[in-house]
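As structure tokens, the structure follows; a few thoughts come after it.
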Amino acid sequence: MADVVLKTDNLCKSFGALKASSNVSLDLRAGEIHALIGPNGAGKSTLIKQIAGNFAPDSGTVELLGRDVTALDTVARARMGLGRTFQISALAMDYTVLQNAVLGALGGQGRVFRFFRNVMEDPALLEVACDALERVGLTDDAHRRTADLSHGQRRQLEVAVALTLKPKLFLMDEPMAGLGADGSHRLTGFLDGLREQAPILLVEHDMDAVFALADRISVLVYGQIIATGTAAEIRANAEVRRAYLGEDAAA
Amino acid sequence: AAAQADTKIGMITTLSGGGAGLGVDVRDGFMLAIEQDGRDGVEVVIEDDQRKPDAAVQIADRMIQSEKVDILTGIIWSNLAMAVVPAVTAQGVFYLSPNAGPSALAGKRCHPNYFNVAWQNDNLHEAAGAYANDAGLKNSFILAPNYPAGKDALTGYKRMYEGELSGEIYTKLGQTDYAAEIAQIRASGADSVYFFLPGGMGISFLKQYAGSGVDLPVVGPAFSFDQGILQAVGDAALGVKNTSQWNKDIDNPANAAFVAAFQEKYGRLPSLYASQGFDTANLILSALDKAEPADQDAFRAALKAAEFDSVRGDFRFGDNHHPVQDIYVREVIKEGDVFTNKIIATGLTDHADAYAGECKM
Amino acid sequence: MSLLSLQGVEASYGPAQALFGVDLEIAEGEVVALMGRNGMGKSTTIKTICGMLAASRGELRFDGHDLRQLPSHKIARLGIGLVPEGRRCFAPLTVEENLTAAARPGPWDFKKVAELFPRLEERRSQKAGSLSGGEQQMLTISRALMTNPRLLILDEATEGLAPVVRQEIWAAIAWLKTSAGLAILVVDKSLKELSAIADRGVILNKGSNAWEGRIGELPADMADRFLGV
Amino acid sequence: MMVTRESLLNWAMIAALLLVPLAAWSLDEPFIITLATKAAILALAGVGLNIALGLGGLISLGHAAFFGIGGYAMGILAAHAQNYEPLFEWPFLFEGSNQMPLIWLTAVVFSALAALVIGALSLRTSGVYFIMITLAFGQMLYYFAISWSAYGGEDGLSIWVRNEFPGLNTLDPIQFFAIAYVILCGALFFAARLARSPFGLALAAARQNEDRVEAVGLTPFTLRLTAFVISGAITGLAGALFADLNRFVSPTMLSWHTSGEIMIFVILGGVGRLYGPVAGAALYIVLEHLLGGISDYWQIFLGVLLLLIVLFARGGLIGAIAGREKAHG
Amino acid sequence: MTYILVLEQILNGLQFGIMLFLMAAGLTLVFGVMGLINLAHGSLYMVGAFAAAAVAGWTGSFLLALIASLAAAAAAGALMELVVIRRLYRRDHLDQVLATFALILIFSEGTRWLFGSFPLFLDVPSYLSGPVTLPGGIEYPLYRLAIILTGLAIAAGLFLLIARTRIGIQIRAGEADREMIAALGVDISKLYTLVFALGAALAGLAGALVGAIQSVQVGMGEPVLILAFVVIVIGGIGSIKGALAGALLVGMTDTLGGVFLPRLFTLFMEPASAASAGASLASMLIYILMAGVLLVRPSGLYGGSA
Ligand SMILES: Nc1ncnc2c1ncn2[C@@H]1O[C@H](COP(=O)(O)OP(=O)(O)OP(=O)(O)O)[C@@H](O)[C@H]1O
Ligand SMILES: Nc1ncnc2c1ncn2[C@@H]1O[C@H](COP(=O)(O)OP(=O)(O)OP(=O)(O)O)[C@@H](O)[C@H]1O
Ligand SMILES: [Mg+2]
Ligand SMILES: [Mg+2]
């Protein structure tokens with residue numbers, strides 16, 4: 001079996017009477033894209049937040065790269081190599097694209113308490129940042145203000161910032177959301193190549209993308225994983241079709 | 001021999017914000033005297049200190065450095081005086097205080113060029129303590145705000161007062177609600193209340209006290225019962241005894257003329273502060289008759305002699321350049337529609353202050 | 001006569017011009033799809049219609065009223081219901097309060113909306129901010145319906161929804177068209193569903209009209225050029 | 001670096017702040033020099049606040065605490081030096097000091113310490129709650145100072161003569177101005193470097209999007225706390241100078257009005273503009289000075305003017321003159 | 001110390017809390033609903049008190065004076081909103097701070113210009129003056145009881161208005177997303193003017209009610225303003241319930257602290273310095289309380305997310 005980079009064990013999380021995660025156990029292995037799908041409100045984002053460290057689970061554990069990180073905060077997990085994109089773009093909107101990327105590089109390098117050197121002229125940081133922008137295809141936009149970017153470009157920038165951290169795995173919450181057809185295509189192609197570098201836990205409602213990319217798919221319904229398998233297996237699963245895909249999805 | 005050269009007097013006082021009433025009165029009293037005198041060659045420049053110590057210090061600097069004033073006056077508040085006076089006198093300029101008399105300036109830090117025309121801060125409180133003895137009060141409840149002037153006030157009262165204390169409270173500076181204190185007074189078994197709560201604090205206290213049903217005699221310094229604020233206290237103040245070195249019914253020609261002229265010019269009764277401003281100006285004018293400020297020793301001697309017609313009647317300076325004077329007890333009455341005071345007794349006679357001994361000059 | 005009519009509309013965000021002359025007509029009861037790649041001005045067009053962004057040039061009329069003269073809330077009261085991009089439900093309010101805030105008299109009320117989206121009935125007193133994405137989307141559609149509009153504008157209303165829910169929403173839109181007779185302006189990236197439901201498609205490119213017609217008849221090269229499919 | 005309108009304006013401003021007192025010196029108008037000194041010192045306080053406020057987005061309404069601590073550092077050291085009463089005798093005998101460098105060091109250290117404590121507690125909150133909790137800490141110190149009778153309480157502490165600086169006559173207005181001016185320039189230089197440093201980049205990013213900063217593995221809290229401490233220390237230094245300018249320190253320096261005023265300089269000049277506090281402090285002082293003579297009710301005019309500036313000169317003075325675009329990097 | 005005195009002091013704390021609530025209610029409404037930091041709220045309090053004092057002086061009627069305070073403050077508030085505040089909603093808090101600070105200067109000095117530098121007279125009407133005896137033998141001023149009851153009634157009314165009525169819901173929706181609520185057909189500008197005028201009227205009423213037992217003078221609003229901010233921050237911004245809880249907590253802490261701390265200090269200090277040290281600590285107490293509450297609950301007792 002390939003190396004397991006991320007593993008959750010019996011995660012439970014309730015909001016009042018609502019069980020947003022109940023006994024969720026899943027893993028992410030090196031080199032794969034593991035898609036997490038499920039109806040709206042099934043608890044996907046809640047799960048992602050527990051993995052990233054925004055929410056503490058009520059019970060259960062999260063293991064990252066073989067280490068129990070349940071007690072660590074978001075920052076510590078990020079430092080361990082957890083790269084992340086948000087469901088709603090989280091970027092420094094007043095900054096240029098390049099500044100956002102340099103920020104990522106700075107985080108990766110970790111030496112932030114320097115008060116005198118000019119950060120935008122630091123060759124080591126710039127190299128990492130430009131490299132990441134290059135990979136997502138934003139080189140030409142490096143000096144635009146992030147607030148002026150289109151939605152799709154912001155998504156690309158999020159990935160680029162995550163890349164600067166040289167992450168060991170990615171968490172992506174609906175990266176395709178709001179992208180047009182061409183944007184989705186491009187991103188699909190891009191993520192396809194990314195799995196070599198770091199495996200991805202992908203939450204997505206865009207089934208075209210999910211079926212094209214995922215090595216494995218887990219289906220979360222009412223906080224529980226009801227099925228895990230390859231694209232074909234999931235497509236064929238009657239319960240998944242009923243709860244999530246709908247009848248014409250198999251076509 | 002009258003001084004011929006121009007004399008410039010700088011007045012730094014509070015003319016804006018909540019405490020402006022006092023500054024306005026001092027200024028109006030002062031200017032009335034200057035105008036009545038009408039001589040050429042005396043120029044007064046007036047500036048608003050906004051009740052901020054740093055503003056006052058800078059205005060003083062400017063008046064000394066740019067306007068080259070010979071004499072400064074006007075400050076209302078002790079903390080501003082403490083900020084300004086030492087620097088002023090250190091630069092060889094005269095300062096005459098028409099209000100504020102902090103103890104340090106009367107004692108250890110007295111200065112030949114500093115004269116206080118009003119009182120040392122403790123004076124009126126001491127008189128109140130003396131009056132309490134005369135009136136047979138044996139168990140006072142005393143309160144004041146928790147700041148230096150407040151502590152001085154209670155210390156001053158206790159210095160003369162011989163009875164027991166049923167309670168001693170320091171309130172928050174600027175406090176507006178006194179229900180808790182009044183409840184404590186009610187429960188304390190006191191036979192009288194002494195309080196020092198200047199400005200709005202006093203108004204609030206008296207109104208609330210009057211509404212509380214507690215019926216003990218109240219004594220205070222003049223500050224809470226002066227012309228400017230009495231109208232705002234209203235009936236609640238009627239009958240209250242307060243101590244003051246001046247009142248409009250002090251019987252001397254200078255005072256009668258002052259009261260009439262002030263009323264005519266400004267359309268209101270003069271206050272304690274106006275009288276102090278008026279006296280300050282007349283003191284300066286009397287000294288100018290004898291010497292120029294540039295001749296420091298002569299001018300100082302002329303000031304010290306204090307040969308002017310004070311509206312208080314007899315007036316002289318002690319060795320520390322603070323007044324030695326009578327302090328009266330007044331009662332709040334209503335004359336027609338107007339609340340005012342009348343003198344009912346003399347609290348202390350020829351009284352100097354307790355810090356004079358510490359002054360080495 | 002058309003219900004909504006835009007002619008030569010131009011608009012800018014500060015110094016950056018986003019619309020360079022947009023024309024758009026929607027008749028009573030008609031469903032029109034507004035299409036185009038990311039950043040081509042679809043949402044901007046919608047914002048100018050709703051009065052959230054001032055048009056710098058051109059004509060906007062709804063039912064004979066000149067929209068350029070009216071503030072946002074008056075435009076809405078003429079009968080335009082908006083489901084904005086990015087959901088924008090009132091996060092601190094409950095589901096029910098979100099709907100009450102928008103309600104105006106007419107056939108649509110809480111009961112009828114709850115029939116369309118039963119999930120909202122279950123979440124009735126939950127704060128909108130803690131709803132899942134899909135639930136929020138249902139809420140904003142319902143909220144627009146509660147204003148009882150004559151023209152419903154849906155800007156990416158199926159974004160981030162599960163396929164089943166998406167089907168539900170498309171079904172709901174179809175129902176609104178046929179049974180409720182609403183005019184609808186819809187922006188969405190799913191060409192398949194749009195062509196099934198829309199009477200007409202309008203494609204924007206770089207802030208101006210690039211093509212208009214029945215979606216089924218869109219030439220393949222244009223589809224590639226303007227939509228990237 | 002590109003020469004923008006803003007940087008030209010900045011140079012003009014800093015030059016004017018130097019030239020005006022020089023001219024006043026040659027014309028023998030010492031008070032103008034004093035005004036300019038005051039402007040420079042208050043601008044310094046503003047530069048300090050601006051690091052927290054403009055760069056870090058931390059709206060502190062409690063910076064008077066640091067300003068006042070700086071002031072009291074001066075007052076206490078100098079008072080003991082004057083009285084010859086030792087400040088403490090253990091571990092070594094210390095009789096206070098009237099040497100500015102030592103006073104400054106004390107002011108910086110103590111205001112930084114205070115900022116560390118206040119910041120560590122306050123930064124658990126955000127937004128308006130942060131504004132108010134910083135105000136609360138400021139008020140605590142204010143009330144403490146009022147009743148701290150050992151050092152004058154509400155009356156404050158008065159020092160007859162200005163403290164000394166080796167090789168200069170600080171009593172000469174122009175020389176004291178020179179000290180304040182040089183320190184201001186130093187602080188501006190430091191703030192400029194800081195804004196472009198790795199720390200500045202991360203700090204400003206935390207202002208714009210906290211989640212993003214966490215996701216790249218940085219802790220917003222530590223960034224902010226560091227900024228708050230730096231900010232407090234600079235404001236504390238300004239406080240020590242201000243007390244020396246007046247030769248006086250009192251609880252007024254700690255009151256929320258003072259916090260408000262420092263904040264007003266920053267806003268008036270333009271939040272996040274490096275030289276904003278310089279423009280703001282200068283304008284405010286000039287207005288106060290010019291309007292004061294007009295009438296007893298001059299504050300009405302001041303109010304109206306301020307109002308017009310906020311409503312119609314967006315981005316503060318510098319924003320209005322140099323344009324809205326902020327220079328980045 | 002008898003238990004009667006303790007009870008009486010608790011009542012005093014309650015009453016002081018209610019007074020603070022009257023001031024804080026309007027502030028939290030404007031602050032929470034419109035996201036606006038209005039430093040000039042204290043000026044509206046002052047306007048109310050001055051209007052009441054002026055009308056009471058002319059007519060001698062306290063009731064008319066109260067009505068005048070409501071009307072004058074509401075009018076001043078509406079005017080302020082139309083001319084200045086409305087341009088500030090989209091600005092950040094800092095611009096609001098500066099603009100409303102400027103308004104304080106204008107209002108304060110304007111009032112002084114109109115009414116002079118001396119405090120005005122406003123007194124409790126005879127039918128509300130004097131003490132009443134409560135069960136248990138506590139003598140308590142009738143007027144203060146009236147304030148407690150008025151305050152509680154206003155608290156209940158406001159709570160219902162905001163939580164239950166459609167207008168209240170729309171106001172809160174506007175707070176969350178102003179542009180969106182307008183796009184749904186709600187005239188949010190008018191609503192905001194209304195809310196602002198309502199908040200102002202409450203402040204004005206507070207000024208008049210309190211003015212009768214305090215001094216009506218220029219600048220009277222500022223110390224209360226700070227206290228009101230403390231109250232709403234402790235309670236959680238925008239929450240009427242929070243404002244009430246915060247006000248009572250602050251009122252109790254301040255009153256009881258002021259009474260009991262000096263006594264506590266006498267246990268280990270001599271009386272005069274105990275009185276002074278106790279009073280010093282008491283004056284810091286509410287700020288300590290506020291810092292404490294915020295450290296445990298960073299967005300106040302009833303606040304949502306900050
Ligand atoms: N803070 C919270 N308080 C109460 N309920 C919450 C909270 N956060 C989420 N929920 C509820 O938990 C459930 C799971 O939410 P979550 O956001 O994880 O769904 P999701 O699977 O990501 O859905 P979507 O695909 O629509 O984004 C939802 O029903 C939501 O309403
Ligand atoms: N608030 C804004 N400020 C400045 N520019 C903006 C703003 N919103 C959009 N733009 C710009 O206006 C242009 C049109 O944007 P618009 O949002 O209308 O595109 P869209 O067609 O809706 O795209 P999408 O499919 O991504 O939603 C884009 O170039 C965008 O960058
Ligand atoms: Mg989600
Ligand atoms: Mg769009």
Could you please spell out the steps behind the side-chain contact (heavy atoms from CB on, under 4.5 Å) verdict for Asp177(B) and Gln15(E)? CA-CA 10 Å; Asp177(B) 198 85; Gln15(E) 186 269 150; 4.0 Å; yes

pair [X]-[Y]: side-chain heavy atoms closer than 4.5 Å:
| X | Y | value |
| --- | --- | --- |
| Gln214(E) | Ile203(B) | no |
| Gln184(B) | Glu8(E) | no |
| Phe118(E) | Gln227(B) | no |
| Gln175(B) | Asp254(E) | no |

Atom group of [X] that falls short of 4.5 Å from chain B, counting heavy atoms:
| X | value |
| --- | --- |
| Met220(E) | neither |
| Ser129(E) | neither |
| Pro119(E) | both |

For the student: nearest non-hydrogen atoms of [X] and [Y], plus distance:
| X | Y | value |
| --- | --- | --- |
| Glu109(E) | Ser16(B) | OE1-CB, 3.5 Å |
| Lys207(B) | Ala212(E) | CD-O, 3.5 Å |
| Gly211(B) | Pro141(E) | O-CB, 3.8 Å |

If you count heavy atoms of other groups shown closer than 6.0 angstrom to CD of Glu164(B), is the number above 12?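 It does not: Glu164(B) CD has 12 such atoms or fewer within range.
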
Tell me, yes or no, whether the heavy-atom count around Lys158(B) atom NZ, taken from other residues, nucleotides or ligands under 6.0 Å, exceeds 12.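 Result for NZ/Lys158(B): enclosed.
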
Top residue by heavy-atom pair count (under 4.5 Å) with chain E, among [options]?
| options | result |
| --- | --- |
| Arg186(B), Lys151(B), Glu168(B) | Arg186(B) |
| Gly213(B), Ala187(B), Gly228(B) | Gly228(B) |
| Val214(B), Leu154(B), Asp235(B), Asp25(B) | Asp25(B) |

Among [options], which has the most heavy-atom pairs under 4.5 Å with chain B?
| options | answer |
| --- | --- |
| Leu11(E), Asn12(E), Val210(E), Leu142(E) | Asn12(E) |
| Thr255(E), Ile213(E), Val216(E) | Ile213(E) |
| Tyr143(E), Phe16(E), Phe121(E) | Phe121(E) |

Between [atom1] of [X] and [atom2] of [Y], what distance do you get to the nearest 0.5 Å?
| X | Y | atom1 | atom2 | value |
| --- | --- | --- | --- | --- |
| Ile286(E) | Lys172(B) | CD1 | NZ | 5.5 Å |
| Ser212(B) | Glu139(E) | OG | CD | 8.0 Å |
| Tyr170(B) | Ser273(E) | OH | OG | 9.0 Å |

Side chain, backbone, both or neither of Leu15(B) within contact of chain E (heavy atoms, under 4.5 Å):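 Answer is backbone: N, CA, C or O of Leu15(B) sit under 4.5 Å from chain E.
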
Between Asn146(B) and Ser280(E), does any side-chain donor sit less than 3.5 Å from a side-chain acceptor?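 There is such a pair between these side chains.
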
Counting N and O atoms only, with roles assigned by atom type, does the side chain of Ser215(E) sit under 3.5 Å from a partner on the main chain of Ser204(B), one being a donor and the other an acceptor?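 Between the backbone of Ser204(B) and the side chain of Ser215(E) there is no qualifying donor-acceptor contact (under 3.5 Å).
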
